[in-house]
Peer 1: 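Got a structure for you, questions after.
The first residue of the sequence shown is numbered 1, and numbering continues consecutively from there.
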Amino acid sequence: TLDGAFAGFITYWAILDFVYIEHLAVMPDIRGLGIGRNLLALVAERADGKPIIFEVEPDADEISHKRIVFYQRLGYILHPDFPYIQPAYAPGREPIELQLMTSTPTTQLHQMAEAIKENVYLAYF
């Protein structure tokens, strides 16, 4: 909260030897106040040195570009050459082409992506 009002939230999963951030949202009218940065720092602290991974929309418009730049300023690494499809969240919905970002360089993107699909998306069905 910020001054007692809802400011935003973050959800994450501890999976095997990494942490997957599923959602990060900050209310639009209070973005730029460090709330997102603080939420990410909290997750990094709780990750206790484990790599962090999350999905982002490809850099196709101003909003997605700003998100990617925000994460990169915090040291996250974009993996644009790794093909990644987010499974559908519900029956009848379409999968979405996204990109992955990580807190550290990794050669384990394929294994991490498969673990996310098995532990997160299959958990919804």
Side-chain angles (χ1 to χ4, degrees):
T1 62
L2 181 66
D3 296 329
F6 178 77
F9 71 96
I10 192 165
T11 58
Y12 62 94
W13 298 64
I15 302 173
L16 304 173
D17 56 351
F18 67 92
V19 172
Y20 165 66
I21 296 176
E22 185 175 12
H23 295 288
L24 169 62
V26 175
M27 298 300 291
D29 56 326
I30 56 172
R31 289 183 184 149
L33 299 179
I35 296 165
R37 182 183 66 242
N38 290 340
L39 289 170
L40 288 167
L42 177 65
V43 171
E45 180 182 307
R46 292 184 178 178
D48 197 28
K50 293 179 182 175
I52 297 171
I53 187 170
F54 52 89
E55 305 152 331
V56 293
E57 295 169 348
D59 189 350
D61 58 32
E62 184 180 351
I63 293 172
S64 58
H65 177 76
K66 284 183 177 182
R67 285 185 186 131
I68 290 169
V69 169
F70 165 73
Y71 295 127
Q72 287 175 324
R73 279 196 327 260
L74 296 176
Y76 288 90
I77 302 161
L78 180 65
H79 301 278
D81 297 328
F82 181 81
Y84 181 79
I85 303 294
Q86 178 193 60
Y89 261 99
R93 299 206 52 192
E94 294 295 318
I96 301 170
E97 184 177 340
L98 297 176
Q99 294 177 331
L100 296 174
M101 294 190 80
T102 58
S103 60
T104 58
T106 183
T107 59
Q108 302 296 313
L109 284 175
H110 178 74
Q111 293 87 339
M112 294 167 90
E114 288 303 311
I116 292 167
K117 290 174 186 175
E118 291 173 14
N119 291 280
V120 176
Y121 294 104
L122 291 181
Y124 285 110
F125 301 108

Peer 1: Which residues pass the side chain to side chain donor-acceptor pair (under 3.5 Å) test with Gln99, sequence neighbours left out?
Peer 2: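 Applying side chain to side chain donor-acceptor pair (under 3.5 Å) to Gln99 gives none.
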Peer 1: Can you name the residues that form a side chain to side chain donor-acceptor pair (under 3.5 Å) with Tyr84, not counting sequence neighbours?
Peer 2: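 Partners of Tyr84 under the side chain to side chain donor-acceptor pair (under 3.5 Å) test: Glu55.
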Peer 1: Is there any salt bridge (charged side-chain N to carboxylate O under 4.0 Å, His left out) pair reaching into residues 58-75, and which pairs are they, with sequence neighbours excluded?
Peer 2: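 Every pair satisfying salt bridge (charged side-chain N to carboxylate O under 4.0 Å, His left out) with a residue in residues 58-75: Glu57-Arg67, Glu62-Lys66.
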Peer 1: Would you mind reporting whether His23 and Tyr12 have side-chain heavy atoms less than 4.5 Å apart?
Peer 2: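 With C-beta onward as the side chain, the pair stays apart.
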Peer 1: Atom NZ of Lys50 and atom CG of Asp17: how far apart are they, to the nearest 0.5 Å?
Peer 2: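 Output value for this atom pair is 7.5 Å.
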Peer 1: Report whether Ile63 and Val26 are members of the same hydrophobic cluster (ILVMFWY, side-chain heavy atoms less than 4.5 Å apart, transitive linking).
Peer 2: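 No; Val26 is not reachable from Ile63 via cluster members.
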Peer 1: Got a sec, which residues hit side-chain contact (heavy atoms from CB on, under 4.5 Å) with Leu74, two or more places apart in sequence or on another chain?
Peer 2: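 Once residues adjacent in sequence are excluded, the partners of Leu74 under the side-chain contact (heavy atoms from CB on, under 4.5 Å) criterion are Arg37, Leu40, Phe70, Tyr76.
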Peer 1: I'd like to check the side-chain contact (heavy atoms from CB on, under 4.5 Å) partners of Leu109; sequence neighbours left out, ordered by chain and number.
Peer 2: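 Leu109: side-chain contact (heavy atoms from CB on, under 4.5 Å) contacts with Ile53, His79, Phe82, Leu100, Thr102, Thr106.
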Peer 1: Considering non-hydrogen atoms only, spot the tightest contact between Ile77 and Thr104 and give its length.
Peer 2: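 Distance-wise, the nearest heavy atoms are CD1-C, 3.5 Å.
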Peer 1: Any side-chain heavy atom of Ile21 sitting closer than 4.5 Å to one from Val43?
Peer 2: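 When only atoms from C-beta onward are counted, Val43 and Ile21 do touch, with a gap below 4.5 Å.
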Peer 1: Counting only heavy atoms not in Glu114, do more than 12 fall under 6.0 Å of its CD?
Peer 2: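 Enclosed: over 12 neighbouring heavy atoms sit under 6.0 Å from CD of Glu114.
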Peer 1: Going by the rule side-chain contact (heavy atoms from CB on, under 4.5 Å), which residues pair with Ile15 if we only count those two or more places apart in sequence or in a different chain?
Peer 2: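 Result, side-chain contact (heavy atoms from CB on, under 4.5 Å) vs Ile15: Trp13, Phe18, Tyr20, Ala115, Ile116, Asn119, Val120.
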Peer 1: Honestly curious: do Met112 and Ile96 fall in one hydrophobic cluster under the side-chain, below-4.5 Å linking rule?
Peer 2: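 Linked, Met112 and Ile96 end up in one cluster.
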Peer 1: Could you tell me if the side chain of Ile35 sits less than 4.5 Å from the side chain of Leu39, heavy atoms only?
Peer 2: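 Contact flag for Leu39/Ile35 side chains = yes.
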Peer 1: Evaluate the side-chain proximity of Val56 to Ser64: yes if any heavy-atom separation is below 4.5 Å, no if none is.
Peer 2: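 A side-chain contact under 4.5 Å is absent here.
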Peer 1: State, to 0.1 Å, how close Pro58 and Ile68 come at their nearest heavy-atom pair, and which atoms those are.
Peer 2: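 Reported closest heavy-atom pair: C-CD1, 4.3 Å.
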Peer 1: May I ask you to test the Pro95-Pro87 pair for a side-chain heavy-atom distance under 4.5 Å?
Peer 2: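 The answer is no, as the side chains (C-beta and beyond) never meet within the 4.5 Å cut-off.
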Peer 1: Shared ILVMFWY cluster between Val69 and Ile52, side chains joined below 4.5 angstrom?
Peer 2: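 No, it is not one cluster - the side chains of Val69 and Ile52 are not joined through contacts under 4.5 Å.
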Peer 1: Report yes if some heavy atom in the side chain of Leu24 is under 4.5 Å from a heavy atom in the side chain of Tyr71; otherwise report no.
Peer 2: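 Leu24 reaches Tyr71 side chain to side chain.
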Peer 1: Is there a chain of hydrophobic side chains (I, L, V, M, F, W, Y, each step under 4.5 Å between heavy atoms) that links Phe54 to Ile85?
Peer 2: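 No; Ile85 is not reachable from Phe54 via cluster members.
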